Amino acid sequence: MSFVSHMDLALKAARAAFARGEVPVGAVLVAPGGRVVASAGNRTRELQDPTAHAEMLVLRAAGAERLPDHDLYVTLEPCPMCAAAISLARIRRLYYGASDPKSGGVAQGPRIFSHPQCHHVPEIYDGLAEPEAAALLRDFFRARRG
């Protein structure tokens, strides 16, 4: 079976978040066999919910406590909260675009998956569509700083 990336859908969700005035992060949850279970962009402002990150929204939309054999595509390195949720959901593979030196929780900062308390560590693939994901974030914050 050949690899099929779903990062294009995550970027689409990130662009939609940008258009809503949200930090442009998108996530896509994919079931075994390649079916897209859920796609979402950040909605923290819209929902007035600090936990409404793209990753959290797709995990909630799946409607299951555990998601073994599911893959998650995210345009930005997950924060510590999202990384912990990814572990608890038992996600099989995590693909992400841009790294997040300020708030990341996978390769930066607390490195959630390296902790002994971490119950499950997904396979991690970084840098997928990194230039596009990073450009979206740069454009968003540049526009906000005016």
Side-chain angles (χ1 to χ4, degrees), residues 1-47 49-115 118-143:
M1 182 175 192
S2 63
F3 173 73
V4 176
S5 174
H6 290 82
M7 191 58 83
D8 58 331
L9 294 174
L11 285 164
K12 182 178 178 182
R15 288 185 201 99
F18 187 119
R20 291 190 306 273
E22 301 275 0
V23 175
V25 177
V28 175
L29 182 65
V30 180
R35 180 180 60 84
V36 173
V37 174
S39 176
N42 278 356
R43 292 188 179 276
T44 59
R45 289 176 172 264
E46 176 187 338
L47 299 176
D49 178 355
T51 70
H53 292 195
E55 301 95 308
M56 300 297 283
L57 295 173
V58 298
L59 292 175
R60 290 175 188 149
E65 177 186 6
R66 302 270 165 80
L67 299 163
D69 301 322
H70 285 65
D71 298 338
L72 181 63
Y73 293 79
V74 188
T75 58
L76 181 65
E77 175 184 355
C79 72
M81 172 187 69
C82 292
I86 289 164
S87 174
L88 292 169
R90 309 298 198 266
I91 294 297
R92 174 179 58 178
R93 293 186 191 109
L94 168 64
Y95 300 91
Y96 69 87
S99 63
D100 188 352
K102 181 179 177 189
S103 301
V106 176
Q108 317 287 326
R111 296 183 170 109
I112 296 299
F113 301 128
S114 298
H115 281 256
C118 184
H119 296 289
H120 168 78
V121 178
E123 292 176 35
I124 301 167
Y125 302 90
D126 63 347
L128 213 63
E130 187 275 335
E132 298 91 335
L136 252 178
L137 289 157
R138 272 192 309 273
D139 292 348
F140 177 79
F141 288 110
R142 185 178 298 126

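Bear in mind that the values here come from a model prediction, so they are computed numbers and not experimental data.
Aromatic ring centroids of Phe3 and Tyr95 lie under 6.0 Å apart.
A heavy-atom distance below 4.5 Å is not found between the side chains of Pro50 and Thr44. At least one side-chain heavy atom of Val36 sits less than 4.5 Å from a side-chain heavy atom of Leu9. Proximity of Met81 to Thr51: side-chain heavy atoms (C-beta onward) are separated by under 4.5 Å at one or more points. Within the 4.5 Å cutoff, no side-chain heavy atoms of Val37 are placed close to those of Val58. Taking 4.5 Å as the limit, every side-chain heavy atom of Gln108 sits out of range of all side-chain heavy atoms of Lys102. For the pair Leu137 and Pro24, the minimum side-chain heavy-atom distance is below 4.5 Å. Taking 4.5 Å as the limit, some side-chain heavy atom of Ile91 sits within range of a side-chain heavy atom of Leu59.
Pairing each heavy atom of Ala40 with each of Ala54, the nearest pair is O-CB, 3.5 Å. Annotation for Ala129 and Glu132: closest pair O-OE1, 3.1 Å, computed over non-hydrogen atoms. In terms of heavy atoms, Ala85 sits closest to Met56 at CB-SD, 3.6 Å. Heavy atoms only, all atoms of each residue included: Pro78 and Ala83 are closest at CB-N, 4.1 Å. For the residue pair Asp71 and Arg92, the shortest heavy atom distance occurs at OD1-NE, 3.0 Å. When all heavy atoms of Val74 and Leu94 are compared, the pair lying nearest together is CG2-CD1, 4.1 Å.
Note that CG of Leu128 and CG of Leu11 are 9.0 Å apart. Values are rounded to the nearest 0.5 Å. To the nearest 0.5 Å, the span separating CZ on Arg90 from CZ on Arg66 amounts to 4.0 Å. How far CG of Asn42 is from OG1 of Thr75: 8.0 Å, rounded to the nearest 0.5 Å. With rounding to the nearest 0.5 angstrom, the CG atom of Leu29 is 10.0 Å from the OG atom of Ser39. Separation of atoms CZ (Arg35) and NE2 (His70) is listed at 6.5 Å; rounding is to 0.5 Å. Rounding to the nearest 0.5 Å gives a distance of 8.5 Å between CZ of Arg93 and CG of Asp69.
Counting only distance, with no hydrogens or angles, the side chain of Glu77 and the backbone of Ala107 share a donor-acceptor pair below 3.5 Å. Without hydrogens or angle criteria, Arg15 side chain to Ala13 main chain gives no donor-acceptor distance under 3.5 Å.
Among residues two or more places apart in sequence or in another chain, the side chain to side chain contact (heavy atoms under 4.5 Å, CB included) test is passed with Ala17 by Arg20, Glu22.
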